[in-house]
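One structure below.
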Amino acid sequence: MQARRWLERAQNRAQAWREWRRALHAHPELAYEEQRTAAFVAERLRAFGLEPLEGLAGTGVVAALRGRGGEGPMIALRADMDALPIPEANTFAHASREPGKMHACGHDGHTVMLLAAAELLAADPLFAGTVVFVFQPAEEGGGGARRMVEEGFFERFPVREVYGMHNWPGLPAGQFAVHSGPVMAGTERFRITLRGRGTHAAMPHLGEDVVAAGAALVQALQTVVSRRLDPLQPAVVSVTQFHAGHAFNVIPEEAELAGTVRAFAPTLFARVREELERIGRGVAAAFGLSFRIEWDEGYPPTINTVEEAARCAEAAAALVGEQSVRREEPPSMGAEDFAFFLQHRPGAYVWIGNGEGEGGCLLHSPHYDFNDEILPLGAAYWAMLATRVLAP
Ligand code: NI
């Protein structure tokens, strides 16, 4: 049984992988600064006999492993390496030693699961084709995947399919969730500037009030999703910043509002842009103000292709049983820059359970920690998926 073999081999290495994971956790690095992590990854890949390409998208590392089972296609397995600018609240021995930085999303675990898979597969490359291990920088807002694509990832590594995995707190350890279709939302960011004549707070009639207008605008924007979009199409508009004024007795000249839009259907973004601009202009005009809005493209929605998602679910089911693979889990409104790889190739991005309760915690929480118990399962999943997709 292939599944049992991978699980046993992974279990035998669990202790070493746990140490790797904790070493990475203690030294988190932010987007595009993953020098130490990338060196750690490249060193181990070389130890497995691979020849890693370093420096793609700054700190990205990529290595290809040819199977000994004959000719076949090339597929990519991808992990992310960056940490977050969050001060860690945990006090255990492997807690962050870098002030203000923390592996609060488990990318330390993702890096080790993929390294571990490279170790397993390099020791037993009985597959037909090539597995490409992709360690990308800057998943957390920096668009590391987009930069890898721009720097020629697909030209250097003409893979047929791309696969990703993220740990999921709240999903029990030992389970997977596989979505056929949308799994993570797309994002856009906006910044609105309202301008008028500032005035003395005691003489509001001599100017215009950007604070009152900004408050009205925040309220009005709540109607974009609730009144202007199809209720069967999920979307979120959140205003997350409102900056105006410095004094008790001055009505300021300018207010700045910023926020984010999230949705799955690409067509919704154009609609939301239109609505935000129309409402923004209308509210600004009602208060006698000028209005400006700037848009920042975030990440596209992460949409798994049906056939590749089915392969992931089958590989997971072979390891943990059909009853431990959730196929009907609702998608997340969070975003993921694996979507940039999926814009170019079919593929799928799965969730591996990080556990429930306190240990499972929440992604991006200062109390979060990756669950080391799932390292062998994650590594076995990658090995299982690669050898099934590239079966000789
Ligand atoms: Ni993450």
Side-chain angles (χ1 to χ4, degrees), residues 138-150 154 162 164 166 179-195 210 213-243 254-287 289-306 308-309 330-349:
E139 191 286 320
E140 300 285 0
R146 177 172 48 203
R147 201 169 139 192
M148 284 188 123
V149 172
E150 286 166 359
F154 286 113
V162 291
H166 205 292
H179 300 75
S180 191
V183 48
M184 306 293 284
T187 66
E188 285 192 1
R189 288 180 290 205
F190 60 87
R191 190 171 295 281
I192 290 170
T193 311
L194 298 171
R195 266 192 86 84
V210 293
L217 180 53
V218 172
Q219 292 290 328
L221 292 181
Q222 305 311 309
T223 63
V224 172
V225 172
S226 65
R227 306 289 82 185
R228 305 300 298 169
L229 300 185
D230 181 345
L232 295 176
Q233 296 265 30
V236 180
V237 174
S238 289
V239 177
T240 53
Q241 296 179 38
F242 187 159
H243 305 289
E254 195 173 282
E256 198 176 80
L257 284 74
T260 174
V261 177
R262 314 230 156 187
F264 295 102
T267 51
L268 274 192
F269 285 101
R271 186 75 208 282
V272 171
R273 276 188 183 218
E274 213 173 276
E275 290 297 331
L276 243 73
E277 300 199 14
R278 194 176 55 77
I279 292 172
R281 271 180 220 296
V283 170
F287 284 81
L289 303 169
S290 76
F291 169 84
R292 193 177 76 221
I293 186 164
E294 290 159 277
W295 290 93
D296 226 346
E297 228 177 279
Y299 292 170
T302 304
I303 317 257
N304 289 344
T305 48
V306 174
E308 285 68 28
S332 164
M333 293 310 283
E336 171 51 73
D337 86 337
F338 183 69
F340 289 109
F341 291 119
L342 280 178
Q343 282 189 322
H344 297 268
R345 292 292 190 280
Y349 169 91

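Note that these values count all heavy atoms, side chains included, but never hydrogens, waters or copies made by symmetry.
- The two residues P301 and P266 make their nearest non-hydrogen contact at CG-CG, 4.4 Å.
- With hydrogens and angles left out, the side-chain atoms of E336 and Y349 include a donor and acceptor closer than 3.5 Å.
- The shortest non-hydrogen separation linking A309 to N304 is CB-CB, 4.2 Å.
- Across all non-hydrogen atoms, the minimal contact from A213 to F287 is CB-CG, 3.5 Å.
- Pairing each heavy atom of T187 with each of F269, the nearest pair is N-CZ, 3.9 Å.
- The residues R273 and E188 are annotated as salt-bridged, a charged nitrogen and a carboxylate oxygen being separated by less than 4.0 angstrom.
- Between R278 and E275, at least one side-chain nitrogen of the basic residue sits less than 4.0 Å from a carboxylate oxygen of the acidic one, meeting the salt-bridge criterion.
- V261 has its side chain out of reach of V236: every pair of non-hydrogen atoms, C-beta onward, lies at least 4.5 Å apart.
- For the pair F242/E256, no side-chain contact is recorded, criterion being any heavy-atom separation below 4.5 Å from C-beta on.
- Between E254 and L194 there is no side-chain heavy-atom pair separated by less than 4.5 Å.
- More than 12 non-hydrogen atoms from other residues, nucleotides or ligands lie less than 6.0 angstrom from CD of Q343.
- Separation of atoms CZ (F190) and CG (L276) is listed at 5.0 Å; rounding is to 0.5 Å.
- Put simply, the side chain of V183 does not reach to within 4.5 Å of the side chain of I303, judged on heavy atoms.
- In this structure, F338 and V162 have side chains that are in contact, with non-hydrogen atoms separated by less than 4.5 Å.
- You'll find the side chain of M184 stays beyond 4.5 Å of the side chain of H166, heavy atoms only.
- A donor-acceptor pair is defined here as one N or O able to donate and one able to accept, closer than 3.5 Å; no such pair exists between the side chain of S238 and the backbone of T240.
- Heavy-atom minimum distance, F341 versus A145: CE1-CB, 3.5 Å.
- Under a 4.0 Å N-O distance rule, the pair E294/R191 does not qualify as a salt bridge.
- Taking all atoms of both residues into account, the shortest heavy-atom contact from G143 to Y299 is N-OH, 2.9 Å.
- Rounding to the nearest 0.5 Å places OG1 of T305 at 7.0 Å from CG of L342.
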Open item on the list: F154 vs V149, test: side chain to side chain contact (heavy atoms under 4.5 Å, CB included). Steps then yes/no.
Closed with: CA-CA 6 Å; F154 286 113; V149 172; 3.8 Å; yes
TODO: Please report the C-alpha distance between R271 and L229 in whole Å, then the side-chain angles of each, then the deciding distance to 0.1 Å, and finally whether the side chain to side chain contact (heavy atoms under 4.5 Å, CB included) criterion is met.
DONE: CA-CA 8 Å; R271 186 75 208 282; L229 300 185; 3.7 Å; yes
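- Side-chain contact between F340 and M148: absent, with no pair of heavy atoms (C-beta onward) separated by less than 4.5 Å.
- Here the CD-CZ distance, from Q222 to R227, works out to 12.5 Å after rounding to the nearest 0.5 Å.
- Each of L217, I192, L221 was checked for a side chain to side chain contact (heavy atoms under 4.5 Å, CB included) with V239, and the lone residue meeting it is L221.
- Rounded to the nearest 0.5 Å, atoms CD (Q241) and OG1 (T260) are 11.0 Å apart.
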